[in-house]
Structures are given as C-alpha cells and as structure tokens.
Chemist: 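Attaching a single structure in structure tokens format; questions to follow.
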2 protein chains.
Amino acid sequence: MTSSAPPTQPRRSDATRAAILRAARERFAADGYERATIRAIAADAQIDPSMVMRYYGSKEGLFAAAAEFDLRLPDLTSVPPARLGEVLVRHFLARWEGDETLVALLRAASTNPGAAERMRGIFANQLTAAVATFGTDPTLTARRAGLVASQVLGLAFTRYIVRLPPMVDTTPDELVSWVAPTLQRYLTGTPPS
Amino acid sequence: MTSSAPPTQPRRSDATRAAILRAARERFAADGYERATIRAIAADAQIDPSMVMRYYGSKEGLFAAAAEFDLRLPDLTSVPPARLGEVLVRHFLARWEGDETLVALLRAASTNPGAAERMRGIFANQLTAAVATFGTDPTLTARRAGLVASQVLGLAFTRYIVRLPPMVDTTPDELVSWVAPTLQRYLTGTPPS
DNA sequence: GTCTATAATTCGATAGAC
DNA sequence: GTCTATCGAATTATAGAC
C-alpha cells in the first residue's frame, strides 16, 4: 500500500538498486539464468560486482527481485464476453513488448527450478483467478487457464525466445486476429465431451 | 588403410556411443544445455568423461549429435482435410511422450543459440514443408506453420518444462479435443482480413 | 558505502601413459 | 581404446582494507 511512511527519505542507494535490477532483467532475458553472470550485470550497471551481492545476497536473490512480475490482467467482468479472447491476446502482447521481465522469466524458467515455480505461481494465481470470474467448476476453470497459458506462452516462446521468422515478422494486430478466436474458445467454449 | 571393405561390421565402440547419446539426451532434457555437464553425462553412461570428448569433440558436438531429430510428420495429403488438426496434435503428443529428444531440444533452445537455430530449422523445414502440401501462398503457408508451432510448442512448454498442473494432469485425449480445433483453424482457416 | 583480493568450486578441454 | 592427471578459465561468494 502507500506507506504509513515516516519521513523516510529515499536512500541514495535506491538509484543503484534500480540500475542493478534493470541490468539484471536485460541479462536474464537475453542470456537465461546460468549464462547471465553477476559480473556482467554489474558491468552493465557500471558498479562493482560485490555491490550486487551486498544488496541482493546471492544470484538467486537477485533473480527473485528482478523477476517480480504482475500480469496486470484487466477485469474480465467488464469486457464484452464475445471479445474476451481478443482483449486477452492484445493485453499479453502489449505486456510482453513493453517489459522484458516476462521474457527473462520465460527463459529462466526453462532451466531454473525456482523460476519455473514462479512462473507456475503467476499463471496459476493471476490467470486462473481472472478466468474464475466467470465459471463455477474449479477443474474446468483451471483447465481453461492452462490452455490459455499454453497458447500465450507458446506465442512468446516462438516470437521472443526461438524467434521463428514467421512469428517474428507478423505484426501484433495480425497475431491478435489469428489467436483471439483460440483464446475465446479456451475461455468460453463448450468443453469437449 | 586396411579396409576397402564396405561390409562394415559394427564397431565395438558403437554401444558406448549409443550409451553416451542416451545419457546426453536425458541430461540435456532434464537440466538444459549449460547445467548438463559432460562429467555428469559420462557418469550416467558409466564411462570416462574423456571418452565423450574423444567421440564427439566438444560439448557442442555432443549436443548436435544428441539433438538430432525428425518430427516424422505424416503425409498430410492422405489425411481427411477436416481432421488435419486432430491428426497433428495427436501426432505431436505421441512424438513428445515417447522421445525426450524434443524436450532436450526445447529446453536447450531457451538458452543456447545453436539449439535455437536447430529448432528453427526443424519447424521451418519439416513443418512448413508439410503445410505447403495444401496451399500456394508461401507467406501464408509460413504463417500457418508458425501459428501451429506456437500452439504445439506452448503445449510442450507448459506440460513438460514449466509443468503447469492443469496441463500436466490433463490426458492426451482431452488435450487433443481442446487443441485440435485450434490447429485446424491455423491450417485451413480463412486468413483474417 | 565502495572496492581489492582471493577463497573455493567447477567446468571444458588437452596431453600423454599404457 | 581407455584412463590419469592436470591445465586454464570462469564462476559465486567471502573477507577485509579504506
């Protein structure tokens, strides 16, 4: 929340911390968890490597801080039901193009168990909660959320990680047109018997 | 030297080579490229680490040999057009469950540029070629193949890598029912205007 | 708060005996 | 073909001077 904050003035180290986190996100996104070294991150942030350890304790602690993420999903109850898929794809694409944190998380989740756990938490909690706003069966809700995650993460994986040419060259609007009906059916479609 | 003799008999080292490749696939699939060490792979195969170097030259060479992969896509021209999506999902799921090579490739592609390049090659060549059997516009064909890849790789990523609970718990048959219509539309649907 | 120096591992790769 | 020994490099993390 806002703070019952005493006259706490911003510490001078806050700027340094922010620079470290920014560099960390870039490196983790570009190189993955194990290839992104504390030395390289510190060099990018133009500070000494030991400062990273001082501020974040360990490489895992640094990643945990750098990979903090909120999907910022819109309130789905205020979206016309027929446009749920479109709104959701567009939101994810915008969220991805504008913030490399999710790319860092995605890449790291492939090899780092902690990152995978965090990814599970984000989608299990935030996405499933959003889907649960219209639907009663918990099992079906979880499955719908999982299917949406499979398409959305596959989109990110092929576009930002593996960089399949046709997925890189296609504009966000075109991707939305193709993928929206998929999410729409996963969200609201009749379950197959 | 000795042999102009093509009746090549199996060398004794072939068994060793096969054991190395099997262990390599397991380790690359479980740990990714950088965490899978030559030492660990050799230990699994119960041989000396230096033998791996002798046979495959380098870690990259070992991965290149271990990640050789063929999607073994069926001939899509002999499939009823309305069932293309179903046939394709079922094929991919079977191919994935039965051979961990693709999981190894998927995990490694997240952090290793060479593995990503191989992944691009597999989907750009094999999958695009299969899609090209029905369709004339090369750009549209590539896009259809890319979209199929995004859903199929997203399925694999959420089920085998991140292990999202709802995607792990769902049976292959149920997954086919949900995902088949998606692939069907990506393959044969009218392009959005 | 910042930096130097270094400990303690671990890895890929090489050399060479047998 | 197989193994021992080891090199050289890179990493995270710590200790301590200033």
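All chains are named by letter (A, B, ...) in the order of the sequence lines, taking the proteins before the strands, and each is independently numbered beginning at 1.
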Chemist: Take B:T171 and B:D173, measure what side chain to side chain donor-acceptor pair (under 3.5 Å) needs, and give me the verdict at the end.
Modeler: CA-CA 5 Å; B:T171 66; B:D173 279 347; 5.6 Å; no

Chemist: Could you state the interatomic distance from CG (B:L105) to CZ (B:F28), rounded to the nearest 0.5 Å?
Modeler: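 Result: 11.0 Å between the selected atoms.
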
Chemist: Taking for each residue the nucleotide of DNA chain D with the nearest heavy atom, is it B:R39 or A:I38 whose nucleotide lies nearer the 5' end?
Modeler: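 The 5'-side residue here is B:R39.
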
Chemist: Over all strands shown, is B:Y56 touching base, sugar-phosphate only, or nothing at heavy-atom distances under 4.0 angstrom?
Modeler: nothing

Chemist: Heavy atoms only, 4.0 Å cut-off, all strands: where does A:T37 land among base, sugar-phosphate and nothing?
Modeler: sugar-phosphate

Chemist: Among D:dC3, D:dA13, C:dT4, which nucleotide sits nearest the side chain of B:D48?
Modeler: D:dC3

Chemist: What is the distance from CZ of A:R54 to C1' of C:dT2, rounded to the nearest Å?
Modeler: 9 Å

Chemist: Check B:R107 with B:E100, please: is the shortest side-chain N to carboxylate O separation under 4.0 Å?
Modeler: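 Here B:E100 does not pair with B:R107 in a salt bridge, since their nearest N and O are not under 4.0 Å apart.
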
Chemist: Can you measure B:I20 atom CD1 to D:dG1 atom C1' for me and round it to whole angstrom units?
Modeler: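 Spelled out: CD1 on B:I20 to C1' on D:dG1 is 12 Å.
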
Chemist: Under 4.0 Å between a side-chain N or O of B:Y55 and OP1 or OP2 of D:dT2?
Modeler: yes

Chemist: Please give me the minimum heavy-atom distance between B:R83 and B:Q184, naming the atom from each residue.
Modeler: C-OE1, 3.8 Å

Chemist: Tell me: CG of A:L62 to C1' of D:dT11, nearest whole Å?
Modeler: 15 Å

Chemist: Just how far, in rounded Å, is C1' of C:dT10 from NZ of A:K59?
Modeler: 13 Å

